[in-house]
Asker: 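Pasting in a structure now, in structure tokens, and then I'll have a few things to ask.
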Amino acid sequence: TKTTAGGPSHLSGESGDQGAESAIDGTVDSKYFNSTRMANEPAGIGSGFVVTLEAPAVISAVQTATAFDIPGRDPLFITIEGSNDPTAGNEGATGFTLLYNGLTGMDRDPGRKEWGPSITFSNKTAYQTYRILVTETRSEGTDAVQYSEVRLGTPEP
């Protein structure tokens, strides 16, 4: 089942070398891959991941790196949401606040296993849990979404 911004989380149990943990493992040599399809939507739309930090932090920048193959699967648009609900990482979790809805910075293909530009957005609240969802890929007819890494942080000075 697809997850939408503001809606409940629907978690897949998938893990391994192409599971959600690959999006934050610190290397562009792995990738997160999701081919979930909902009704007539392109594959991978509404997929993403939830990350719970050790302590709440203000996140106001995101940077995404491409995977090693198939540019049509690159995420072009994403949402980023925050929550301080202790159950925010669970299946069906709600109560997320929309922080960003826009481009990943990969509207120009940077190449394979390359970082797109850092995108900044306004957020002054420290959240413990963040949810990133893909809302559009480079190619509408693609069979999945994939990316190698996502960095969440604060803008460079």
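Worth saying up front: this structure is predicted, and the values here are computed from it rather than measured.
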Asker: For D69, is there any backbone N or O sitting under 3.5 Å from a side-chain donor or acceptor partner on Q146?
Answerer: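 Looks like yes, one N/O pair under 3.5 Å.
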Asker: Rounded to the nearest 0.5 Å, how far does OG of S47 lie from CZ of R37?
Answerer: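 Here the rounded value is 11.5 Å.
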Asker: Dump the intermediate steps for side chain to side chain contact (heavy atoms under 4.5 Å, CB included) on T104 and V62, then the final yes or no.
Answerer: CA-CA 8 Å; T104 60; V62 62; over 6 Å; no
Asker: When rounded to the nearest 0.5 angstrom, what distance separates CG in D74 from OG1 in T142?
Answerer: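 OG1 of T142 is found 9.0 Å from CG of D74.
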Asker: Of all the heavy-atom pairs spanning Y32 and A23, show the shortest one and how long it is.
Answerer: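 Scanning both residues, the minimum pair turns out to be CB-CB, 4.0 Å.
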Asker: Show your reasoning for whether side-chain hydrogen bond (donor to acceptor under 3.5 Å, both in side chains) applies to T52 and T129.
Answerer: CA-CA 4 Å; T52 299; T129 301; 3.0 Å; yes
Asker: Checking D25 now: which residues fulfil salt bridge (Lys or Arg N to Asp or Glu O under 4.0 Å) with it, not counting sequence neighbours?
Answerer: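 Testing D25 for salt bridge (Lys or Arg N to Asp or Glu O under 4.0 Å), a comparison that skips the adjacent residues, returns none.
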Asker: Roughly how far apart are F77 CZ and D107 CG, rounded to 0.5 Å?
Answerer: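 Answer for the CZ-CG pair, F77 versus D107, is 7.5 Å.
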Asker: Does the plane of the ring in Y147 sit parallel, tilted or perpendicular to the ring in F49? Use 30° and 60° as the thresholds.
Answerer: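 Rings of Y147 and F49: tilted, 30 to 60°.
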Asker: Given K113, which partner from the list D29, T27, T66 fulfils the side-chain hydrogen bond (donor to acceptor under 3.5 Å, both in side chains) test?
Answerer: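 In the set D29, T27, T66, the residue that makes a side-chain hydrogen bond (donor to acceptor under 3.5 Å, both in side chains) with K113 is D29.
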Asker: So how far is it from Y130 OH to E81 CD, rounded to the nearest 0.5 Å?
Answerer: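 Between Y130 OH and E81 CD, I get 12.0 Å after rounding to 0.5 Å.
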Asker: Tell me whether R138 contacts the main-chain N or O of P71 through its side chain, where contact means a donor paired with an acceptor under 3.5 Å.
Answerer: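 The answer is yes, because a donor-acceptor pair under 3.5 Å joins these two groups.
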Asker: If you measure from OG1 on T97 to CG on N84, what distance do you get to the nearest 0.5 Å?
Answerer: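 CG of N84 is found 8.5 Å from OG1 of T97.
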Asker: Taking transitive links into account, so neighbours of neighbours count too, which hydrophobic residues share a cluster with V28 at under 4.5 Å side-chain distance?
Answerer: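 Via sub-4.5 Å side-chain contacts, V28 links to W115.
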Asker: Closest approach of G46 and L133, non-hydrogen atoms and distance?
Answerer: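 Distance-wise, the nearest heavy atoms are O-CD2, 3.8 Å.
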Asker: Is a side-chain N or O of Q128 found less than 3.5 angstrom from the main chain of E54, in a donor-acceptor match?
Answerer: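 At least one qualifying donor-acceptor pair exists.
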Asker: For a quick test of reading the model, state the closest non-hydrogen atom pair linking T135 to I78 and the distance between them.
Answerer: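 That would be OG1-N, 3.7 Å.
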Asker: Testing L99, I59, L53 one by one against Y127 for a side chain to side chain contact (heavy atoms under 4.5 Å, CB included), which residue passes?
Answerer: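 So, applying the side chain to side chain contact (heavy atoms under 4.5 Å, CB included) to Y127 and each of L99, I59, L53, only L99 qualifies.
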Asker: Check for me, please, whether M106 and I45 land in the same ILVMFWY cluster - side-chain distances under 4.5 Å, paths through other members count.
Answerer: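 Same cluster.
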Asker: Looking at side-chain heavy atoms only, is the closest gap between P155 and S60 below 4.5 Å?
Answerer: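 With C-beta onward as the side chain, the pair touches.
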Asker: Less than 4.5 Å apart, side chain to side chain, heavy atoms only: is that true for L152 and I132?
Answerer: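 L152 reaches I132 side chain to side chain.
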Asker: Which heavy atom in F121 sits nearest to a heavy atom in A61, and how many Å separate them?
Answerer: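 Closest approach of F121 to A61: CE2-N, 3.5 Å.
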Asker: Using every non-hydrogen atom in the two residues, find where A144 and F33 come nearest and quote the distance to one decimal.
Answerer: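 Looks like CB-CE1, 3.3 Å.
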Asker: Give a yes or no answer on whether the side chain of N34 reaches the backbone of G44 with a donor-acceptor pair at less than 3.5 Å.
Answerer: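 No, because the side chain of N34 does not come within donor-acceptor range (under 3.5 Å) of the backbone of G44.
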Asker: In sequence, state the C-alpha distance, the side-chain angles, and the governing distance for R73 and T137, and then conclude on side chain to side chain contact (heavy atoms under 4.5 Å, CB included).
Answerer: CA-CA 6 Å; R73 293 177 177 168; T137 56; 5.8 Å; no
Asker: Determine whether I24 and V58 fall in the same hydrophobic cluster, where Ile, Leu, Val, Met, Phe, Trp and Tyr are linked whenever their side-chain heavy atoms lie under 4.5 Å apart.
Answerer: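 They do not share one cluster, since no chain of ILVMFWY contacts under 4.5 Å joins I24 to V58.
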Asker: How far apart are the closest heavy atoms of I119 and L103, and which atoms are they?
Answerer: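 That closest heavy-atom pairing would be CG1-O, 3.9 Å.
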